[in-house]
*Asks:* 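Quick one: the structure is below, questions incoming.
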Amino acid sequence: MDFKTYVDQACRAAEEFVHIYYETMDKRRRVLPRLYLDTATLLWNGNVVTGMDGITNFFEMLPSSEFQINMLDCQPVHEQATPSQSTVLVVTSGTVKFDGSHPHYYNQNFLLTAQSTPNQTVWKIASDCFRFQDWSNN
Amino acid sequence: MVGEEQKEDSPQWFKVAITDGRKYKKPWLLSSIQSHCSVPFTPIDFHYVGLRAQFFISDASIASALKDVSDKILDDNSQKISIVVSPTIVPNCERNKLKPEKMEQLKVAMKKRYLASHQALDLQSFRFDPILVDHGIDMILNRKSCMDAALTIIEEDFPELLSLNLRNNKLYRLDSLSNIVEMAPKLQILNLSKNELKSAWELDKIKGLNLKELWLKGNPLCRNYSNNSTYVSTLLELFPKLTRLDGLELFSTLSCGNGKKKLPVCKGSVYGSDTLKSLIWQFLTEYYYIYDHGDRHVLLNTYHDNACFSLTVPFNSDDGVLGSLNLYSKSSRNMIKIKDSVPRTQLLKYTKTEIVDFLSALPKTQHDLSSFVVDTCVQTENMFYFSVNGQFKEVETSYLPHNCDFTRIFILNRTSNSSLCIVNDQLFVKDIRFDEPKTDLLIGHIIL
């Protein structure tokens, strides 16, 4: 595959993924863990969460959310870093309001891994890193 | 009556059974058969029976052509698919099919019950509808032939149906609704209350529907659940998009035990291990020393030959940016703003030379390493990947310096001789608006 094709594929995956992720996070939180690999790691404001049970529990305990995205970028991850695993880096930023808290700016980045089935390629989260922009000012 | 039957051409019916057909999805199965069959065919009453899939055909020559398809199709596991064709009596679905005149009356009755503004069809207690009673049409919706007739009319006349009310129709099973997903694909609201459904797994037969609202109360199945949350979670598993059940908002009732949910406490940097921490800090200190004080071209060999770099600023903050920081907004690859694939590729810097040339053109900076918060996301044999949130200052400009928040993501490849190189690098810069410059300085700049 030539470089431009990698980039296009990454862009498509990123846009589709981000649309699904934040809608699921805000409106169908219960099924959010399905977007993660069983082996995924979540870093949430310095809290480390691993494993499907941990992640499921974490999102159940998190108050309801309303996300707004102001920035989206993505890059195809170099093959040498993740051999035999098609990977995309997705970066987002914006604002979020959790129930019971004031709004925060946030930064988030994901590493998505391709899982191919006969009919389609599904991108799942291998790693999710989330931080409030202003956490150090709290 | 007898005379009429003699005049009609009675078609010869055949049952076409696909061995182990339960394994295959209907669209794939039918199109695979059609692609191997020499004549086009229309399957009547396709359904699964035990492990088989079967349908009926009313033409001898088509039946014969279908017989020839047996063992010609291979499934995903390279197993041959066997098709058995046998003559049969008129299938029930044909025999019980409503005559055209009755279908017309049924259509009238249903149209009367349709609320176009809400795309909603109210078929509750349908058997006792006055029009149907007057015309001697017995709509026992539990029967496949009756439900099929109703679904056919829905497919033809109300294809955009959003809401269907089947309350109080003595439904014992939902087999008759199994092709509702095809007939009413947009259905979101379904009322099955006050029927005779004994198990929530009846709903498994219609789980292809994207239901947002469901009513089930007044069915025997409700007595199976002493615990409300098991009831709710069973249904959510079948219909993940469900937001209202029996009239109640779902997520507000799913609160966990005691008290409101709270946000977890925010914590500092995450490194994974002390070794990795020192490695990361060594990298960051060296990288930013050069980046802030030296010629950024020196960074050439910290990058992989085919590394990628991109830079973004938030949407809406890149209007009215003054002076040197305009370069940030011009190069911003924010995909929320940039939709076209050509600029998206161009704005991605590829190869170490292109990257380092670009970085060297960016304004001079002074990074505050004490502000850095590091999140080490992934660590494998081949690589590690971390993000840095922190602040830097713009220096040497005619404007008052301003603190910028940034997030930088580095994906570093570990080579066999344990040297590191950057394969992916992403920079996000915030707060690039300046404070108001002093007026005389501004004028001086313009005159130049």
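By convention in this document, chain letters (A, B, ...) are assigned in the order of the sequence lines, proteins followed by strands, and residues within each chain are numbered from 1. We use all heavy atoms of the structure for the numbers below, so side chains are in, but hydrogens, waters and symmetry mates are not.
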*Asks:* Can you confirm whether A/Cys74 sits close enough to B/Arg344 that some side-chain heavy atom of one is under 4.5 Å from a side-chain heavy atom of the other?
*Replies:* no
*Asks:* Are B/Leu348 and A/Gln75 packed together at the side-chain level, in the sense that at least one heavy-atom pair is separated by less than 4.5 angstrom?
*Replies:* yes
*Asks:* If we ignore angles and hydrogens, is there a donor and acceptor under 3.5 Å between the side chains of A/Tyr105 and B/Asp405?
*Replies:* no
*Asks:* Answer yes or no: is there a side-chain heavy-atom contact under 4.5 Å between B/Pro264 and A/Met61?
*Replies:* no
*Asks:* Chain A heavy atoms under 4.5 Å from B/Thr376: which part of the residue, side chain, backbone, both or neither?
*Replies:* backbone
*Asks:* Answer with side chain, backbone, both or neither: which region of A/Asp73 has an atom nearer than 4.5 Å to a non-hydrogen atom of chain B?
*Replies:* both
*Asks:* So do the side chains of A/Phe132 and B/Leu263 get within less than 4.5 Å of each other, counting heavy atoms only?
*Replies:* yes
*Asks:* Side chain, backbone, both or neither: which part of A/Leu42 has a heavy atom under 4.5 Å from chain B?
*Replies:* neither
*Asks:* Where on A/Val48 is there a heavy atom nearer than 4.5 Å to chain B: the side chain, the backbone, both, or neither?
*Replies:* side chain
*Asks:* May I ask you to decide if B/Lys241's main-chain N or O and A/Arg30's side chain share a donor-acceptor pair within less than 3.5 Å?
*Replies:* no
*Asks:* Measuring only between side-chain heavy atoms, which start at C-beta, is B/Thr351 closer than 4.5 Å to A/Phe3?
*Replies:* no
*Asks:* Please state whether the side chain, the backbone, both or neither of B/Ser310 comes within less than 4.5 Å of a heavy atom of chain A.
*Replies:* both
*Asks:* Does B/Asn334 reach the main-chain N or O of A/Asn70 with its side chain, forming a donor-acceptor pair under 3.5 Å?
*Replies:* yes
*Asks:* Might you point out which heavy atoms bring B/Ser341 and A/Lys4 nearest each other, and give the distance in Å?
*Replies:* OG-NZ, 3.3 Å
*Asks:* Flag the pair A/Arg34 / B/Pro240 as yes when at least one side-chain heavy-atom distance between them is below 4.5 Å, and no otherwise.
*Replies:* yes
*Asks:* Under 4.5 Å heavy-atom distance to chain B, tell me which part of A/Leu62 shows up: side chain, backbone, both or neither.
*Replies:* both
*Asks:* What part of B/Phe309 lies closer than 4.5 angstrom to a heavy atom of chain A: side chain, backbone, both or neither?
*Replies:* backbone
*Asks:* Flag the pair A/Asn109 / B/Cys377 as yes when at least one side-chain heavy-atom distance between them is below 4.5 Å, and no otherwise.
*Replies:* yes
*Asks:* Answer yes or no: is there a donor N or O on one side and an acceptor on the other, between the side chain of B/Asn424 and the main chain of A/Pro76, under 3.5 Å?
*Replies:* yes
*Asks:* What part of A/Asn107 gets within 4.5 angstrom of chain B, counting heavy atoms only: side chain, backbone, both, or neither?
*Replies:* side chain
*Asks:* Picking from A/Val18, A/Val91, A/Asp8, A/Leu89, which has the most non-hydrogen pairs under 4.5 angstrom with chain B?
*Replies:* A/Val91
*Asks:* Using only atom types and a distance under 3.5 Å, with no angle test, would you say the side chain of B/Asp375 pairs donor to acceptor with the backbone of A/Phe130?
*Replies:* no
